[in-house]
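All ligand and atom numbering here is 1-based and tracks the order in the structure. In what follows, residues are counted from 1 in the order of the sequence shown.
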Amino acid sequence: MNPKPLDPGLYIVATPIGNLGDVTLRAIDVLRGASVIACEDTRVTGKLLKACDVDTRMQRYDDHASPAVRAKLVEAALAQPVALVSDAGTPLVSDPGYRLVREARAAGVSITTIPGACAAVAGLTLSGLPNDRFLFAGFLPVKDKARRDVLNDVGEIEATLIFYETGPRLERSLKAIGEIWPDREIAVARELTKLHEECRTGTSGELAQHYAAHPPKGEIVLLVGPPVEQSLKADPDELLKSALEGMSASKAAGTVAKATGLDRQTLYARAVELKQQ
Ligand code: SAM
C-alpha cells in the first residue's frame, strides 16, 4: 500500500552525519513523497537517495542562491511537498535553510521538521560535560583576534560551549582556549557515528599535546565545559603545569593570573621553579 500523499509544505529533513543507518523511517517517507528535494550538493544527497531507494528530483539550493530561486521554492511549497536537506545532519544548523524557512514562514507555507542526527547534540551527549545548559556557537573564526573575541564573548556564560571544528584548525583553537581558560574541561568528539569515532577529554593543554602528536582527521565537535567556580578550581600549581605545556613561564603566569586573579609575579616565580623540576 502506498503511504498517504504528503500535504503541500516545506519539510526540513535531517540526514545522517556519517552512518547511513541513522536515516529515519520518516525521513525516507518524506524524501520519497516530496515533489522536489532542495539540497546543497546533488552528488552528496544523490548518494543518500540511492542508498534509500528514493528517486525524487533534486534541486541545488543554499542560502547564497538568488532570491528568485528561493521565491520559486517558496511558491512550490505552497502547492506541493518540498523537502529541504543539507549535506549531512540537521539543515540550518551551520548549514543552509535559514532564509528559505523565514521566507516560507512569511509566505504562509506550512512548515514541518523531520528531526534526526545533529553533530552538536551527538557530541554533547558523548562528552560527559554538563548538558543542562549548553550554547552552540557554530564554527570559531579562523583569524586569531576574531577567535579570541568570540571566546571572550561566550566564555563567562554558565554553560557547556559547543563549536564545530576542522582537523587542521583544532590545535590552534585548543591553544587559544588554553590561553584564556587553562583549567576548563574540554572534549573533542571526532568522526561521530563513523568507523573511527572517538571522544577525548582533558584540559586544552593535554589535548593540544595529544593532537600535535596525532594530527586529527575528519570532522570534529569541540566542547568546552562551563566556567569552573573559583572555590572548585584546581590549585595554581596544576593550572601552571597545564599552561606550561604549551607556553613560556611568563605567558603561563599571565594566563593563570588572569584566570584566578592571583598575583602574576608570584605565579611567575613558581612557574620558573616548576619548569626547572
Ligand atoms: N548540519 C550539520 C549538523 O547537524 O551537525 C552540521 C553541518 S556543518 C557544515 C559541518 C560540521 O559539523 C563539521 O565541520 C563538524 O564540525 C560537524 N560534524 C558534522 N558531522 C560530524 C561528525 N560525524 N563527527 C563530528 N563532527 C561532525
Side-chain angles (χ1 to χ4, degrees), residues 10-24 26-27 30-31 37-45 47-48 51 58 60-65 83-102 111-129 131 134-142 146-147 150-151 154 160-174 176-177 186-201 204 207 210-211 214-224:
L10 180 64
Y11 293 73
I12 304 164
V13 184
T15 58
I17 55 170
N19 188 326
L20 278 185
D22 293 335
V23 68
T24 67
R26 200 164 153 237
V30 167
L31 293 175
I37 299 170
C39 61
E40 283 184 88
D41 184 330
T42 52
R43 281 165 309 178
V44 174
T45 299
K47 283 187 197 149
L48 174 73
M58 290 178 280
R60 211 183 150 273
Y61 174 79
D62 63 32
D63 282 337
H64 304 296
L84 169 71
V85 299
S86 59
D87 281 353
T90 300
L92 283 85
V93 178
S94 289
D95 262 344
Y98 170 73
R99 290 188 177 164
L100 181 62
V101 168
R102 275 192 80 81
I111 309 175
T112 189
T113 184
I114 290 78
C118 175
V121 174
L124 178 69
T125 55
L126 198 58
S127 69
L129 292 175
N131 53 48
F134 59 89
L135 176 88
F136 172 66
F139 285 94
L140 276 170
V142 183
R147 188 196 295 115
V150 169
L151 290 174
V154 293
T160 290
L161 308 175
I162 308 177
F163 302 101
Y164 282 162
E165 194 46 277
T166 65
R169 292 196 215 153
L170 177 67
E171 214 187 316
R172 291 187 75 153
S173 294
L174 286 171
I177 289 170
I186 311 284
V188 174
R190 202 172 61 80
E191 292 290 86
L192 295 166
T193 77
K194 303 183 198 175
L195 187 61
H196 298 293
E197 174 179 290
E198 74 162 6
C199 184
R200 195 167 279 274
T201 56
S204 51
L207 292 170
H210 172 82
Y211 287 111
H214 308 92
K217 293 202 180 102
E219 299 191 282
I220 292 168
V221 182
L222 173 60
L223 303 104
V224 181

Contact check: [X] vs ligand 1, nitrogen or oxygen atoms, below 3.5 angstrom:
X      : result
Thr166 : no
Ala119 : yes
Thr90  : yes
Tyr164 : yes
Asp95  : yes
Lys194 : no
Phe139 : no

Pairs under 3.5 angstrom only: tabulate donor-acceptor contacts from the side chains of residues 187-194 to other protein residues two or more places apart or in another chain.
| residue | atom | partner | partner atom | Å |
| --- | --- | --- | --- | --- |
| Arg190 | NE | Glu198 | OE2 | 3.1 |
| Arg190 | NH1 | Lys217 | O | 2.6 |
| Glu191 | OE1 | Lys194 | NZ | 3.3 |
| Glu191 | OE1 | Glu219 | N | 2.9 |
| Thr193 | OG1 | Asn19 | N | 3.1 |
| Lys194 | NZ | Glu219 | OE1 | 3.0 |

In terms of residue, atom name and distance, what is the protein heavy atom nearest to atom 15 (C) of ligand 1?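 Scanning the protein heavy atoms, the shortest distance from atom 15 (C) of ligand 1 goes to Ile220 O, 3.4 Å.
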
Under 4.0 Å to a heavy atom of Cys118 - the qualifying atoms of ligand 1, by number: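 Those atoms are 4 (O), 5 (O).
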
Numbered atoms and elements of ligand 1 in range of Leu192, under 4.0 angstrom, heavy atoms: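 Listed by number with element: 22 (C), 23 (N), 24 (N), 25 (C).
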
Q: Could you see which bit of Pro91 sits under 4.0 Å from ligand 1, with heavy atoms only: side chain, backbone, both or neither?
A: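 No part of Pro91 is near ligand 1 at this cut-off.
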
